[in-house]
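First listed ligand is number 1; within each ligand, the first listed atom is number 1. Values reported hereafter were calculated over all heavy atoms of this structure, with side chains retained and with hydrogens, waters and symmetry mates removed.
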Amino acid sequence: MRGKFVAGNWKMNTDLASGLALAKSLVGGIAADGAISAGLASGKLRTAVCPPFPYISAIAEAIKGSKVELGAQNCYMEKPGAFTGEVAAAMLKDIGCGLVILGHSERRHKMGETDSQIKAKLLVAQGAGLEVILCLGETLTERQAEKTFAVLAGQIVGALGGLPVEALDKLVIAYEPVWAIGTGVNATPGQAQEAHAFIRSELAKHFGKAAADKMIIQYGGSLTAENANEILSQPDVDGGLVGGASLDAKKFLPILQAAVA
Ligand code: PGA
């Protein structure tokens, strides 16, 4: 049985004080909620926060002793060295991160990240001992042109092609349709389920059914307290990667409740 994994992607938001306040209200809210606490204790639920780089160490202190995991939103594709302005996966591991988000659509589309760069980052990150949340997703134009499956298949090959099945051990996939991110227009439960089932079938094609059946595939794109119940109850939706609603504990906690319902 796959559990659920709900991660908050804070993007380039919060300042130090508001980030700390957010982390504290999240930890407090979890402790006060029996169902979420039980889910986290039993391993049926995982949750994480991914703050901006400058605040990661401070947030690590704020969530210490809780079941909230810590992630970063990106890393560089090389080991530590002369790469001015970049952050190495090993540094993230060093300061307490267990996770890193790679291939987020904002990085693919606003920073021009390519599949081969994402694959290089994934290898370096896993090599440093980080678990990777690999984001996939089609644009609106691609969906309207009925290219969704082709795009997802291409992104899977681009990031994971030729890797051994062990690469899936430290991997979570996030299906994030670009048109749903930050727009308030979420994928319908049916659209999410269809894409997740397709991603799982592609993983099965490359890595075998047993490995694919174990994979956590998160949904991301305007996931909220209001739509989480329906989306997270789809059979191939194993949690969420949450942007906007992760910036307020009052909005994030109900998503965790939906995940353990
Ligand atoms: P959103 O972002 O929840 O604000 O749509 C999701 C994401 O980009 O990870």
Side-chain angles (χ1 to χ4, degrees), residues 4-14 18-19 22-23 26 46-53 55-56 59 68-75 92 97-113 118 121-122 125 130-140 142-143 148 151-152 155 159 171-189 191-192 195-196 199 216-232 234 237-259:
K4 294 271 201 283
F5 185 5
V6 179
N9 172 11
W10 293 4
K11 308 194 179 184
M12 200 173 74
N13 290 301
T14 77
S18 64
L22 172 56
L26 191 58
R46 290 174 66 192
T47 190
V49 290
C50 303
F53 286 137
Y55 306 139
I56 291 176
I59 302 298
V68 179
E69 299 177 40
L70 189 63
Q73 301 168 19
N74 182 33
C75 69
L92 298 173
C97 287
L99 293 152
V100 63
I101 299 170
L102 294 177
H104 190 279
S105 82
E106 283 146 22
R107 298 212 56 87
R108 289 180 191 262
H109 299 291
K110 294 184 182 168
M111 279 47 141
E113 253 179 38
I118 294 162
K121 289 181 177 198
L122 184 141
L130 293 174
E131 182 175 3
V132 171
I133 299 180
L134 171 67
C135 302
L136 315 173
E138 81 288 356
T139 63
L140 185 58
E142 289 162 345
R143 175 163 282 267
T148 298
V151 168
L152 296 175
Q155 290 173 338
L171 187 72
V172 168
I173 303 265
Y175 169 62
E176 298 207 308
V178 180
W179 47 272
I181 296 176
T183 58
V185 182
N186 57 280
T188 64
Q191 286 172 325
H196 283 230
I199 290 167
I216 296 287
I217 307 178
Q218 298 173 325
Y219 168 79
S222 301
L223 193 63
T224 62
E226 289 71 37
N227 59 33
N229 265 316
E230 236 194 319
I231 294 178
L232 298 186
Q234 299 300 307
V237 178
D238 310 309
L241 183 56
V242 187
S246 73
L247 294 172
D248 181 345
K250 282 198 233 52
K251 295 182 178 164
F252 192 66
L253 288 162
I255 301 178
L256 294 180
Q257 283 160 349

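Residue Asn74 holds its CG atom at 11.5 Å from CD of Glu106, rounded to the nearest 0.5 Å.
Side chain of Lys4 to backbone of Leu232: a donor-acceptor contact under 3.5 angstrom is found. Looking only at distances, a side-chain donor or acceptor of Arg108 sits under 3.5 Å from a matching main-chain atom of Cys135.
Ring geometry for Tyr175 against His196 counts as perpendicular: the plane angle is over 60°, on a 0 to 90° scale with 30° as the lower cut.
Listed as neighbours of ligand 1 are Asn9, Lys11, His104, Glu176, Ala180, Ile181, Gly182, Gly221, Ser222, Leu241, Val242, Gly243, Gly244, each bearing a heavy atom under 4.0 Å from the ligand.
Side-chain N/O atoms of His104 and Gln73 include no donor and acceptor closer than 3.5 Å.
With sequence neighbours excluded, no residue satisfies salt bridge (Lys or Arg N to Asp or Glu O under 4.0 Å) with Lys251.
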